[in-house]
J.: 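The structure is given below, and queries will be raised subsequently.
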There are 2 protein chains.
Amino acid sequence: MAQGASAVAQKGGESLLFLTDEQLRKGIEAMFFAYRGFTADPDRILEEHGYGRAHHRAIHFIHRAPGTTVNNLLSILGVTKQSLNRVLRALVEDGLVEARVGHRDKRERHLYLTESGAALEQQLSDAQRERMRAAYRAAGPVAVAGFRQVLEAMMDPEIRRHFDRLTESGR
Amino acid sequence: MAQGASAVAQKGGESLLFLTDEQLRKGIEAMFFAYRGFTADPDRILEEHGYGRAHHRAIHFIHRAPGTTVNNLLSILGVTKQSLNRVLRALVEDGLVEARVGHRDKRERHLYLTESGAALEQQLSDAQRERMRAAYRAAGPVAVAGFRQVLEAMMDPEIRRHFDRLTESGR
DNA sequence: CTTGGAAAGTCAACAAGGCTGACATAAGAT
DNA sequence: ATCTTATGTCAGCCTTGTTGACTTTCCAAG
């Protein structure tokens, strides 16, 4: 199976990869179809609770960086504050997220998951991790390392910074 | 760099991968951020033409499988026919897609890109392939193979079938 | 102390692209 | 010949993204 990477030529220490349009197209389609699988399980759970992906993203990153400000979340998610606000308001009203007014700067709202917010986060990430774990197991450790490398290379540099920042603090 | 895959133990021919929640979470976030990069370039081009991602998807798969029926496209894209129809209608009206009535079964419409449709497809896929190519180059051939393996393992089985089917005919 | 500007939130209006329901027409089945 | 199914269309609703205008709160600099 797999047409793999086509050819590699070493030339003065610089490796050249010859990639056909067809191979790249397959990669693009793989990305498209895999993303559908990636979101499928959380989507099902969210629907039961009357939420959408926007809520999931907010919950995920609040869990990941508790006490984050709205503005920080905004730059991670890459949406407008009006858009985020609508989602956040629903989560606060439903008691999944707590927005504490900053003590240093009272304009800021620091966001935390409540107990039930954490419970939903757990449920969502359990489902998503399970799919990820299965895929990782099926593909093997070498493939996983490659997977991560390609994904990181695919990010916009600015977004890559967010990603790396989450990693540092998250370990 | 990278925490890579944690540990592998060979045990009676079956390899066990020990994956921490943290590692899996990183994979999830990588997927999220990378997908943003993945769609960023086409999104910019589409906006200039007044189209969205839905149009891109339709154009992509019509290019990929010329003469495909609406129903077939439906099952690939995983949306309702009403949703697809809106997009398709716009593309036909704008002269990017031609919908020919089937001669065997006149209920069916077979879809083809017109010349200008193919031109837009080219523009979009050039941009997306360029990002893909850069990521592939940066990560190297081994990583690319792993990338593809993990993505394929992440797909829903039913969707995976679509993916494989496109590959067969597409080469 | 006043004022300028940043952070946060609100309201309104709009667009894209999902969805369901109702319906027309063509094919195939009884 | 008529009933049923497949296919595609039209209309309307919902979520979630957008922009723009505006208020409130607060910090900080003049």
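Chain A is the first sequence line, chain B the second, and so forth, proteins listed ahead of strands; every chain is numbered from 1. Side chains included, hydrogens not; waters and symmetry mates left out as well; all remaining heavy atoms used.
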J.: A/Glu108 has a side chain; which of C/dA8, D/dT16, D/dG8 sits nearest to it?
T.: C/dA8

J.: Please work out which of the three classes, parallel, tilted or perpendicular, describes the rings of A/Phe61 and B/Phe32, given edges at 30° and 60°.
T.: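 Tilted: the ring planes of B/Phe32 and A/Phe61 meet at 30° to 60°.
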
J.: Could you measure the distance from the NE2 atom of B/His56 to the CG atom of B/Leu124? Nearest 0.5 Å is fine.
T.: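 Separation between the atoms: 4.5 Å.
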
J.: Starting from C1' on C/dG18, measure out to CG on B/Leu74 and report it in whole angstrom.
T.: 13 Å

J.: Verify, without hydrogens or angle tests, whether A/His162 (side chain) and A/Ile159 (backbone) share a donor-acceptor contact under 3.5 angstrom.
T.: no

J.: In whole Å, what is the span from the CG atom of A/Leu77 to the C1' atom of D/dT18?
T.: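 Checked: the CG to C1' distance equals 16 Å.
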
J.: When you check the gap from the basic side-chain N to the acidic O, do B/Asp21 and A/Arg129 get nearer than 4.0 Å?
T.: yes

J.: Measuring to OP1 and OP2 of C/dA16, would you say a side-chain N or O of B/His55 lies under 4.0 angstrom away?
T.: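 No, no such contact exists.
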
J.: To the nearest Å, give me how far apart NE2 (B/His56) and P (C/dA16) are.
T.: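 B/His56 atom NE2 is separated from C/dA16 atom P by 17 Å.
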
J.: Measure from CZ on B/Arg89 to P on D/dT7 and round the result to the nearest Å.
T.: 19 Å

J.: Taking CG from B/Leu84 and C1' from D/dG8, how many angstroms apart are they, rounded to a whole number?
T.: 10 Å

J.: Let me spell it out: for each of A/Val101 and A/Ser83, pick the nucleotide of DNA chain D with the closest heavy atom. Which residue's pick is nearer the 5' end?
T.: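 Closest to the 5' end, via its nearest nucleotide, is A/Ser83.
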
J.: Given D/dC27, C/dT10, D/dT16, identify the nucleotide with an atom nearest to the side chain of A/Ala54.
T.: D/dT16

J.: Taking only the side-chain heavy atoms of B/Asn85 (C-beta and beyond), determine which of C/dG9, C/dT20, D/dT9 contains the nearest atom.
T.: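 Nucleotide nearest to B/Asn85's side chain: D/dT9.
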
J.: On DNA chain D, check which nucleotide each of A/Gly78 and A/Arg107 is closest to and give me the residue with the more 5' one.
T.: A/Gly78

J.: Can you tell me how far P of D/dA11 sits from NZ of B/Lys81, to the nearest Å?
T.: 15 Å

J.: Taking only the side-chain heavy atoms of B/Val79 (C-beta and beyond), determine which of D/dT9, D/dG17, C/dC19 contains the nearest atom.
T.: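 For B/Val79, the side-chain atoms sit closest to C/dC19.
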
J.: Output the rounded distance in Å from NE2 (B/His110) to P (D/dT7).
T.: 11 Å

J.: Of A/Thr69 and A/Arg86, whose nearest nucleotide on DNA chain C comes first from the 5' end?
T.: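 Result: A/Thr69.
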
J.: Verify the contact: side-chain N or O of B/Thr80 to OP1 or OP2 of C/dG18, cut-off strictly under 4.0 Å; return yes or no.
T.: no

J.: Compare the minimum distances between each of D/dT7, C/dT10, D/dT18 and the side chain of B/Asn71, then state the nucleotide with the smallest one.
T.: D/dT7

J.: Out of C/dA7, D/dA11, C/dG18, which has the shortest distance to the side chain of B/Gln82?
T.: D/dA11

J.: Checking only heavy atoms, does the side chain of B/Arg53 share a donor-acceptor pair with the base of C/dA16 at less than 3.5 Å?
T.: no

J.: Taking atom P of D/dC14 as reference, at what distance in whole Å does atom CG of A/Asp43 sit?
T.: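 Distance check: A/Asp43 CG to D/dC14 P gives 20 Å.
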
J.: Side chain of A/Val87 only, heavy atoms from C-beta on: which candidate in D/dG8, C/dA8, D/dG17 is closest?
T.: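 So the nucleotide nearest the side chain must be D/dG17.
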
J.: List the atom of A/Val92, the atom of A/Ala99, and the distance in Å for their closest heavy-atom pair.
T.: CG2-CB, 4.5 Å

J.: Using only atom types and a distance under 3.5 Å, with no angle test, would you say the side chain of A/Thr114 pairs donor to acceptor with the backbone of A/Leu96?
T.: yes

